[in-house]
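First up is the structure itself, then whatever we jot down about it.
The analysis underlying the following values was restricted to heavy atoms, covering all of them including side chains, and did not include hydrogens, waters or symmetry mates. Owing to the predicted nature of the structure, the values given are computational and were not obtained by experimental measurement. One-based numbering along the sequence shown. Counting starts at 1 for both ligands and their atoms, in listed order.
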Amino acid sequence: MTARFTGRTVLVTGGGTGIGRAVALAFAREGARVVVAGRREEPLKETVVLIEAEGGQATAATADVTRPEDVRALVALTVETYGGLDVAVNNVGTAVPPAKVADIAEDDWHTVLSVNLTGTWLSMKHEIDHMRTHGGGAIVNIASNLGAHLRKEGLGAYATSKAAVSALTRSAARDHIADGVRINAVSPGPVDTPMSTRPGESPADKAERMRRDVPAGRAGSPEEVAAAVLHLASDEAAYTVGTELVLDGGVTA
Ligand code: NAP
């Protein structure tokens, strides 16, 4: 495969673990300089070591995407380090213990909305602000099939936050395509990371649940999500604006 991102700078939020790490590695393998961001330094450094071990270039930056000053500084650091920002993947997300709507704890509600929705908005706000005055760019938000596409009992807070990410993605795409900033989303179904494991569930129980609930019979891999993200961020998707690529093994087919 040709290197689609040679000479480009990519910011991946939540790049220390799971899907974000796979996305960061995939961009680096295709020639990008990558900044990975999250709250904890250790997992970010591990991602950088993995990228450097393959001959790639990466930097770790600690930031909490719910804090406006952190996000502003993160974009500034990316631009200072590599001279620009061409692609951003807003992958940070969190889940809280399942609860019916009337039983959701106030703190849990605010946490999920603040990290998943406000964090995505704040990230886009600063990324777009740079891109629109520096030749444009591409943004991919990680939403979920649980939101705009599917609801399940006990996941009201998470589903609401992710449906809002889908809506925000489309609004931002319309608002900023004329600025040269192309914005899309990827909405995974269950992906093989701890986030898709239920409390107390064994790997065998999880595999059985996937066989039962997912037409494809398994969870997706972080690398499969990364492949979709790279496509949407690449020039081959130049006419793809405000769309959402649902990757869920057929759950919402
Ligand atoms: P994950 O490993 O828990 O990744 C979440 C990342 O976000 C972590 O690296 C975490 O690092 C970072 N993060 C959390 N809160 C943050 C904050 N306030 N500021 C900065 N960074 C923060 O889970 P994942 O499965 O890879 O999920 C990645 C994305 O995919 C999420 O948006 C998730 O909702 C979405 N998704 C996942 C699945 C699935 O089945 N796994 C399905 C659909 C959608 P720190 O804790 O160090 O900050």
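At least one N or O atom of V191, backbone or side chain, sits closer than 3.5 Å to an N or O atom of ligand 1. Considering both main-chain and side-chain atoms, V65 comes within under 3.5 Å of ligand 1 through a nitrogen or oxygen pair.
Side-chain atoms of S196 and K206 include a donor-acceptor pair closer than 3.5 Å. Between the side chains of T169 and N141, at least one donor N or O lies within less than 3.5 Å of an accepting N or O. For the residue pair H176/D179, the side-chain donor-acceptor check at 3.5 Å is satisfied.
In this structure, atom 28 (C) of ligand 1 lies nearest to the protein heavy atom N91 OD1, 3.1 Å. For atom 27 (O) of ligand 1, the closest non-hydrogen atom on the protein side is M195 CE, 3.9 Å. Protein heavy atom at the shortest distance from atom 2 (O) of ligand 1 is T17 OG1, 2.7 Å. Regarding atom 36 (N) of ligand 1, its nearest protein heavy-atom neighbour is Y158 OH, 3.7 Å. Nearest protein neighbour of atom 46 (O) of ligand 1, counting heavy atoms only, is R39 NH2, 2.9 Å. The protein heavy atom nearest to atom 11 (O) of ligand 1 is R40 NH2, 3.7 Å.
The ligand atoms of ligand 1 that sit less than 4.0 angstrom from a heavy atom of S144 are 43 (C), 44 (C). Atom numbering of ligand 1 starts at 1 in the shown order; those under 4.0 Å from a heavy atom of I19 are 26 (O), 30 (O), 37 (C). Here is the list of ligand 1 atoms found below 4.0 Å of a heavy atom in G93: 5 (C), 7 (O), 31 (C), 32 (O). Close approach of ligand 1 to I142 (heavy-atom distance below 4.0 Å) involves ligand atoms 29 (C), 30 (O), 35 (C). Atoms of ligand 1 lying under 4.0 Å from any heavy atom of T193, numbered from 1 in the order shown and given with element: 24 (P), 25 (O), 41 (N). In summary, the atoms of ligand 1 found under 4.0 Å from a heavy atom of P188, numbered by their order in the structure, are 42 (C), 43 (C), 44 (C). Within ligand 1, counting atoms from 1 as listed, the ones closer than 4.0 Å to a heavy atom of G18 are 2 (O), 26 (O).
Contacts between D64 and ligand 1 below 4.0 angstrom, taking non-hydrogen atoms only, involve backbone and side chain alike. With a heavy-atom cut-off of 4.0 Å, A63 touches ligand 1 through its backbone alone. Looking at P194 against ligand 1, nothing comes within 4.0 Å, counting heavy atoms. Looking at P190 against ligand 1, only its backbone comes within 4.0 Å, counting heavy atoms.
L247 CG to N145 CG: the interatomic distance, rounded to the nearest 0.5 Å, is 9.5 Å. The CG atom of N184 sits 8.5 Å away from the CG atom of L245 when rounded to the nearest 0.5 Å.
Taking a cutoff of 4.0 Å between a charged side-chain nitrogen and a carboxylate oxygen, E244 and R170 do not qualify as a salt bridge. A salt bridge is absent between E42 and R40; no separation between the charged side-chain nitrogens and carboxylate oxygens falls under 4.0 Å.
Distances from ligand 1 to the non-hydrogen atoms of V92 include at least one value under 4.0 Å. Residue R21 places every heavy atom at 4.0 Å or more from ligand 1. For T13, the heavy-atom gap to ligand 1 stays at 4.0 angstrom or more. Look at G189 and you'll find a heavy atom under 4.0 Å from some atom of ligand 1. At a 4.0 Å cut-off, at least one heavy atom of A143 sits close enough to ligand 1 to count as contact.
Looking at A37, S123, G14 and measuring to atom 7 (O) of ligand 1, the nearest heavy atom belongs to G14.
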Kindly indicate, with the supporting measurements, whether the criterion side chain to side chain contact (heavy atoms under 4.5 Å, CB included) is fulfilled by K125 and R72. CA-CA 9 Å; K125 178 177 170 62; R72 191 180 299 110; over 6 Å; no

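Put simply, the side chain of R182 gets close to the backbone of T240: a donor and an acceptor are under 3.5 Å apart.
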